[in-house]
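For reference, the structure is listed below as structure tokens.
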Amino acid sequence: MTFSLKAGQLQFAVDPQGRSVRWSAEGLLLQESAGADFWRIQLDDGEFRDMSVRSSLQSGTVTEIEGGLAIQYNQLEAEDGNTYPVLFRVQVLVEGEQLHFSYKVTNQSEVRVNEVKLPFVDVSVVADEQRSRDVLYRSQGHGHRLADPWTAIDKAHTEYMSSDDHEIWLDMTYPSFGSMAWFGVQSGSHFFYVGRHDDNFTTCVLAAGIGPRNSDPRLVLAVSQFPLVQGGEEVSSPTSVVAFVPGDWRQGSAIYRQWADGWFSEPQKPDWVQKLPGWQRIIMKHQFGKIYFRYEDLPRVYEEGKAVGVEMILLFGWWKGGFDNGYPVYEPDPALGGEEGFKAAIAEVQRRGGRVALYTNGVLIDVKSDYYKETGYRICRKNIDGMEYREHYKFNNDGMLLRNFGYKSFVSACQATDEWNKHLTQIGQQKLSYNPDSIFYDQIAGHFPHLCFDASHDHGNRGDNETVYRRRNLQQMRELCTGDKAFGSEFVVDCYAPLLDFHHSCQYASFKDEESFPELYRQTFPETIMSNRYMHDERSDFKQQLHFAFVYGYRFDIAIYRSRATVTAAPAYASHVKELIALRDRYAEFFYHGTFSLGTDMELPEGIIKTEYVHHARRLFVFWNDTAEEKQISFQNRVIRLGANEFQCEIVE
């Protein structure tokens, strides 16, 4: 006897003990792996810190409820051979073509329930008998497309640190380097979707895994959540969703966006931000103390950027001490020209028609600062041992000492503390007193969401829900930006995007490589204004990288020599980016006011990238030949020939 559910073609079945699971799909090849789990739990007794509990080894009861199944385990048997009085309840509901998974943990033991992987989809085949044709789509950064995950994930083998003899995992943490909480596999004519639908955006890890080397083929898709349930506590989970639908990855995008429409709204950006082609990112005084620019140089910096079409300066290292020094205290530097010189320089840039965005960091605290000694040590995030998470950066000039041994050390502020909330607002007010066009807080819109184990902070024992407080802080800073003032931050993450006018990109696929797939985020949240990144000089592929940014509608982040020089130091780069900005201006209604789309299916030669921008009833097609040889395509009853690395824009009325 089994209990089964059907959502569209997808079928989920479990035996009466909640132990053996079966995945299948009507008319398709989907099949679970031998002995598959459908959830896993990690317990922590203070000594055995990562103790596994597998669903396939438990004994529970299954009950039919309205719309689905309830599966209850009155105790958990762990890999150490002990049984723990932890009540674990799983609920699986059918919602249209989707299965919705959630759980509740009631902990009556002395161990802590650190982690729950649910769902845990462990299959031996998806829909295509030739597994090598499957493609994994991950929301790592702006998007990652991994062909043949059955073998490609082996590259994620740690070789030493992890239990790779059980599974080899390719994982991403959300909200952070994972920009959205969904991923899935394209197999044959169907897309297998796994997403976490949680409008509190608690920290989770979305992981794709395969079996150990030399084992039978397995592919696992799992969502790890971190309830950190201590003895005497009861914690419920948000919903995770599994669906198996006809179509490609765009169906997964549509499922996630339909859910996100319940909380996502496009920020009301100042008009000048909407039309922003990019910026020059400048570090005035670097981490190691070298001064590259003084305040009096800012009008010149502006003019040199204006010559190629960018009129905003994203200004780093403008405070006493310089970049990555003294956080979170910022004051104009007498060595750069003093406070009055700073205000005068900003005003002069604006008088000439330019814009200035002022940097401060929204997360880091310099452990050398008085702020750390007085306040920061209390309000920073603490790890599982109750110690501070520490971060280090190794910027250097020409020497080997800082390059190899480093200089600065930081802790990261916990956003769930009143002191940090108030300090961020005070910093914003201070920056606005210099009358910039934008206030910019680095890192806060995607910095790694370290679980905080300091229960004295406002999150208490729920160290996975810092995002609630981070969004609160972002909202308060956004409210400071009245009139034509803009609010920006680093990273691109969906749950923070409605609170920001523009994003200085940081993650994967803000640059081009063989597996970059920015279509994933751009299709799901086309409203987000984001930049390219990591183009610092005239490297051999700089034109290809700039074309990548152009085609996907990224704003240009011009940061020559890692923000140590203006664009004039790279004349070929300057000339080319000027041409691209002029071309984008020619189609401004589409690139700046239109909506990114991939709604038109076309048969294209390998290596041709197509994007679309829709404005009212008109559509702009952008074709890019991302190869080293000439290609031709058929479009609107004519032939378009594109040379190597060439692109062409076509308007359809």
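Predicted, not measured: the structure shown is a model, and the values here were computed from it.
In this structure a side-chain-to-backbone donor-acceptor pair under 3.5 Å is missing from R355 to I313. The main-chain N or O of K512 is found under 3.5 Å from a side-chain atom of Q545 such that the two form a donor-acceptor pair. A donor-acceptor pair is defined here as one N or O able to donate and one able to accept, closer than 3.5 Å; no such pair exists between the side chain of R478 and the backbone of P267.
Within the 4.5 Å cutoff, the side chain of V652 has no heavy atoms near those of the T600 side chain. For the pair K408 and Q287, the minimum side-chain heavy-atom distance is below 4.5 Å.
Taking all atoms of both residues into account, the shortest heavy-atom contact from G326 to D366 is N-OD2, 2.9 Å.
In this pair, F590 and Y587 present their aromatic rings tilted. The plane angle is within the 30 to 60° band. Classification of the F591-Y613 ring pair by plane angle, with boundaries at 30° and 60°, yields tilted.
Few gaps surround CD on E653; more than 12 heavy atoms of other groups in view lie less than 6.0 Å from it. The 12-atom threshold is not exceeded at NZ of K578, counting heavy atoms of other residues, nucleotides or ligands nearer than 6.0 Å.
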Going through the checks in order, is the side-chain hydrogen bond (donor to acceptor under 3.5 Å, both in side chains) test met by W420 and N473? CA-CA 9 Å; W420 192 247; N473 295 346; over 6 Å; no
Evaluate the ring pair (Phe, Tyr, Trp, His ring centres under 6.0 Å) criterion for residues H503 and F491: first the C-alpha distance (whole Å), next the side-chain angles of each, then the deciding distance (0.1 Å), finally the verdict. CA-CA 6 Å; H503 300 249; F491 287 86; over 10 Å; no
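Comment: E339 does not engage K320 in a salt bridge, judged by the lack of any side-chain N to carboxylate O separation of less than 4.0 angstrom. Salt-bridge annotation for R522 and E612: absent, with no side-chain N of the basic residue lying under 4.0 Å from a carboxylate O of the acidic one.
Of the inter-residue distances, the one linking I282 atom CD1 with L298 atom CG reads 8.5 Å to the nearest 0.5 angstrom. From C414, atom SG reaches atom CD1 of I379 across 8.5 Å, with rounding to the nearest 0.5 Å.
For K431 and Y441, the positive end sits near the middle of the six-membered ring, less than 6.0 Å away and at most 45° from its axis. Remark: R381 fails to qualify as a cation-pi partner of Y389 under the 6.0 Å distance and 45° angle criteria applied to the six-membered ring.
Among residue pairs with one or both ends in residues 337-375, those qualifying as ring pair (Phe, Tyr, Trp, His ring centres under 6.0 Å) are Y295-F342, F316-Y359, W318-F342, W319-Y359, F323-Y359, F342-Y434, Y371-H423; sequence neighbours excluded.
Note: F410 and H392 fail the aromatic proximity criterion, with ring centroids not under 6.0 Å apart.
Just one of K269, K275, Q274 meets the side chain to side chain donor-acceptor pair (under 3.5 Å) condition when paired with D271; it is K275.
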